[in-house]
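In what follows, a structure is listed as C-alpha cells, so that the remarks can point back to it.
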Amino acid sequence: AGGAGDDASGAGGSENGERAIQKATDGLQLFTKLETQTAAIGVIAPPPDIRAIVDKTAQFVARNGPEFEKRILANEQNNNKFNFLNPTDPYHAFYRQKVVEFKEGVAPKALGAGEGVAAAPAGEAGAGEAAG
C-alpha cells in the first residue's frame, strides 16, 4: 500500500485540464501583448488589396477632412475592407500615416509607388488635424 505519492498516475485528468486553461490564458496574454506592441512599435503595412483602399481613402480624407472619414465610417461600418478606420485595427497606424503624408504632400499619388513604408515617424498620428 505504497500511496499515491507524486506519481502522475492518479491526478492526470486535472493536470491536463490545468494545462489547457494555462494555454488559453497564455493565448489571451499573447493577443494583449501583440495589441500593445502594435501600438508601440508602429506601422504594419496591409496586403495590396486592402492597401489600395487605405491609400485611396487616406487621399480623400486628407483632401476633404475628418468629416469625410466619419461619413465613410457610417456608410461602411459593415464592410470589413474598411476596418482600418477603427483605431483598434492593426492597419490603422498605416492609414493615419498615409493621411498625414497626403496632407503634407509627402505621399505619392495613391497606388503610384512601389512597396515599402518610408516616411515620417508614426509617433504623432492624428496630432495635426487642425487645418492650416
Return the minimal non-hydrogen interatomic distance between Phe94 and Ile44, and the atom names on each side.
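Minimum heavy-atom separation between Phe94 and Ile44: CB-O, 3.5 Å.
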To the closest 0.5 Å, what do you measure between [atom1] ([X]) and [atom2] ([Y])?
{"X": "Gln97", "Y": "Phe102", "atom1": "CD", "atom2": "CZ", "answer": "11.0 Å"}
{"X": "Arg51", "Y": "Ile53", "atom1": "CZ", "atom2": "CD1", "answer": "13.0 Å"}
{"X": "Lys103", "Y": "Arg63", "atom1": "NZ", "atom2": "CZ", "answer": "13.5 Å"}
{"X": "Gln59", "Y": "Asn64", "atom1": "CD", "atom2": "CG", "answer": "10.0 Å"}
{"X": "Asn83", "Y": "Asp89", "atom1": "CG", "atom2": "CG", "answer": "5.5 Å"}
{"X": "Ile50", "Y": "Asp55", "atom1": "CD1", "atom2": "CG", "answer": "11.5 Å"}

May I ask you to test the Phe68-Thr57 pair for a side-chain heavy-atom distance under 4.5 Å?
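A side-chain contact is absent here, since even the closest heavy-atom pair is not under 4.5 Å.
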Pro46 versus Phe84: any side-chain heavy-atom pair under 4.5 Å?
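The answer is no, as the side chains (C-beta and beyond) never meet within the 4.5 Å cut-off.
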Ion pair check, Glu76 and Arg71, cut-off under 4.0 Å
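Not counted as a salt bridge, because no side-chain N and carboxylate O are separated by less than 4.0 Å.
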Residue list, ring pair (Phe, Tyr, Trp, His ring centres under 6.0 Å) with Tyr91, at least two apart or on another chain
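Ring pair (Phe, Tyr, Trp, His ring centres under 6.0 Å) check on Tyr91 returns nothing, list empty.
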